[in-house]
Protein chains: 2
Amino acid sequence: MTPKQSYLSCLDTLKPVRDALDVFNGKWKLPILVSIMVGNERFTDIQHSISCITPKVLAKELKDLEEHKLIRRVIINEYPVKILYRPEPYAESIIPIIDALKEWGLNHRKKLFT
Amino acid sequence: MTPKQSYLSCLDTLKPVRDALDVFNGKWKLPILVSIMVGNERFTDIQHSISCITPKVLAKELKDLEEHKLIRRVIINEYPVKILYRPEPYAESIIPIIDALKEWGLNHRKKLFT
DNA sequence: GAATGCACTATCCTTTAGGAAAGTGCTATA
DNA sequence: TATAGCACTTTCCTAAAGGATAGTGCATTC
């Protein structure tokens with residue numbers, strides 16, 4: 001017996017969207033990337049540029065982003081030792097996502113107040 | 001004493017991005033919207049077009065999307081009664097987000113296999 | 001020598017997301 | 001009359017996300 005299949009397939013779109021969501025899901029990854037990409041490099045600077053993020057969460061998210069090759073943790077051996085977070089070239093690939101979300105968010109806010 | 005402020009502000013971007021994430025965060029909202037926008041209308045069709053989503057989760061997400069005015073629940077009073085989920089015009093505004101995520105996901109997958 | 005900054009880690013806790021499995025009330029079909 | 005489809009709901013549960021608070025070791029600055 002062949003099962004009834006009336007639904008429209010959309011896996012072409014769904015699969016890559018899922019792959020992207022697997023990387024960026026959660027409250028913090030995209031905001032952190034934005035902060036680093038505008039030029040914040042130090043742990044505390046990033047923390048302060050994104051209000052309300054706790055150091056524990058920030059540390060964990062930075063590690064995730066490093067694993068995904070979106071940022072790099074750079075150790076500068078001066079005295080005192082400095083640690084810098086820098087965007088990898090691959091990070092540029094997320095600019096269209098950020099732009100789309102930013103645009104949408106701005107428009108959504110307008111919509112709410114009319 | 002004025003506090004030291006060395007970090008670069010990026011709230012212009014961060015705020016709207018957050019607003020957007022507040023709406024779309026989670027594993028399912030965007031995939032469900034995609035499914036409805038390609039033309040799936042019935043609960044079970046949507047469920048089957050997105051493999052692995054449970055009816056409980058789908059029901060909840062559909063309610064959220066309705067609240068955000070992205071879809072509409074339409075009751076057709078034939079016999080038997082039909083229930084259809086249809087995209088609202090506002091749903092079109094998320095196309096750039098989907099496209100950006102899809103593009104990124106495709107490219108990311110390529111990257112992983114090279 | 002006291003306070004502050006830096007880059008975290010550690011502990012504990014709450015909330016939310018999400019999944020598994022079964023069931024419900026209705027209708028239609030074999 | 002039994003089975004299947006539809007659109008869910010209910011219950012129970014786990015894992016992950018995220019937050020609060022404190023502390024650490026080091027260095028610099030007041």
Side-chain angles (χ1 to χ4, degrees), chain A residues 1-8 14 18 21-33 35-36 40-68 71-86, chain B residues 1-8 14 18 21-33 35-36 40-68 71-86:
Chain A
M1 201 159 71
T2 52
K4 186 183 164 202
Q5 167 148 351
S6 62
Y7 67 86
L8 301 160
L14 252 39
R18 283 264 217 137
L21 288 178
D22 284 347
V23 175
F24 297 117
N25 216 358
K27 215 172 155 178
W28 299 115
K29 297 223 170 58
L30 290 172
I32 293 168
L33 273 168
S35 173
I36 292 175
N40 290 303
E41 305 195 294
R42 311 293 302 268
F43 191 93
T44 36
D45 286 346
I46 298 164
Q47 192 186 338
H48 292 130
S49 74
I50 303 167
S51 43
C52 302
I53 192 169
T54 61
K56 188 194 104 177
V57 170
L58 180 55
K60 190 232 162 206
E61 299 290 56
L62 286 170
K63 268 171 206 153
D64 289 356
L65 292 172
E66 218 192 326
E67 271 176 27
H68 285 297
I71 60 169
R72 182 193 315 219
R73 187 178 186 270
V74 182
I75 303 161
I76 307 278
N77 275 317
E78 296 165 0
Y79 293 91
V81 171
K82 269 188 194 176
I83 292 182
L84 303 182
Y85 293 92
R86 294 258 173 83
Chain B
M1 203 159 66
T2 51
K4 185 181 163 203
Q5 168 148 350
S6 61
Y7 68 85
L8 301 159
L14 251 40
R18 284 262 219 142
L21 288 178
D22 285 347
V23 176
F24 296 118
N25 217 354
K27 214 171 154 178
W28 298 115
K29 298 225 169 59
L30 290 172
I32 293 168
L33 274 168
S35 174
I36 292 174
N40 289 304
E41 305 195 294
R42 310 294 300 268
F43 190 93
T44 38
D45 286 346
I46 298 164
Q47 192 188 335
H48 292 129
S49 73
I50 303 169
S51 43
C52 301
I53 192 169
T54 60
K56 188 196 102 177
V57 170
L58 180 55
K60 190 232 163 205
E61 299 290 56
L62 286 170
K63 268 172 207 153
D64 289 354
L65 291 171
E66 217 192 328
E67 271 175 29
H68 285 298
I71 61 169
R72 183 194 315 218
R73 186 178 188 269
V74 182
I75 303 160
I76 308 279
N77 276 318
E78 297 165 358
Y79 293 92
V81 171
K82 268 189 196 177
I83 293 182
L84 303 181
Y85 294 92
R86 293 259 172 82

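Naming convention: chains lettered A, B, ... in sequence-line order (proteins, then strands); numbering from 1 in each chain.
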Determine, for nucleotides 22-30 of chain C in 5'-to-3' order, which nucleotides have protein heavy atoms under 4.0 Å from the base (write B), from only the sugar-phosphate (write S), or from neither (write -).
-----SS--
For residues 47-57 of chain A, dump all side-chain donor-acceptor pairs below 3.5 Å to protein atoms at least two apart in sequence or in another chain.
from, atom 1, to, atom 2, distance (Å)
A/His48, ND1, A/Thr44, O, 2.9
A/Ser49, OG, A/Ser35, OG, 2.7
A/Ser49, OG, A/Ile46, O, 2.9

Pick out the pairs of N or O atoms, protein on one side and nucleotides 13-18 of chain C on the other, that lie under 3.5 Å.
from, atom 1, to, atom 2, distance (Å)
C/dG18, OP1, B/Lys27, N, 2.7

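Annotation for B/Leu30 and B/Phe24: closest pair CD2-CD2, 3.6 Å, computed over non-hydrogen atoms.
In terms of the side chain to side chain contact (heavy atoms under 4.5 Å, CB included) criterion, residue partners of B/Lys29 (sequence neighbours excluded) are, by chain and number, B/Glu61, B/Asp64, B/Leu65. Residues passing the salt bridge (Lys or Arg N to Asp or Glu O under 4.0 Å) test with A/Arg42, sequence neighbours excluded: none. Remark: A/Glu67 engages no residue in a side chain to side chain contact (heavy atoms under 4.5 Å, CB included) (not counting sequence neighbours). Residues that satisfy the side chain to side chain contact (heavy atoms under 4.5 Å, CB included) test with A/Arg73, not counting sequence neighbours, are A/Glu66, A/Ile75, A/Ile83, A/Tyr85.
The salt bridge (Lys or Arg N to Asp or Glu O under 4.0 Å) analysis of residues 44-53 of chain B, with sequence neighbours excluded, yields no pairs.
B/Tyr7 has no side-chain polar atom (N or O) that falls below the 4.0 Å cut-off from OP1 or OP2 of C/dG5. Dashed line: the shortest gap from a side-chain N or O of B/Thr44 to OP1 or OP2 of D/dA7 is under 4.0 Å. Of the side-chain N and O atoms in B/Arg42, one or more sit less than 4.0 angstrom from OP1 or OP2 of D/dA7.
Between B/Ile53 atom CD1 and D/dA7 atom C1' there is a gap of 14 Å when expressed in whole angstrom units. Rounded to whole Å, the distance from CG on A/Asp22 to P on D/dA16 is 13 Å.
Residues B/Glu41 and A/Tyr7 have side chains not in contact (no heavy-atom distance under 4.5 Å, counting atoms from C-beta outward).
Near DNA chain C, meaning a heavy atom under 4.0 Å away, there are no residues from residues 45-52 of chain B.
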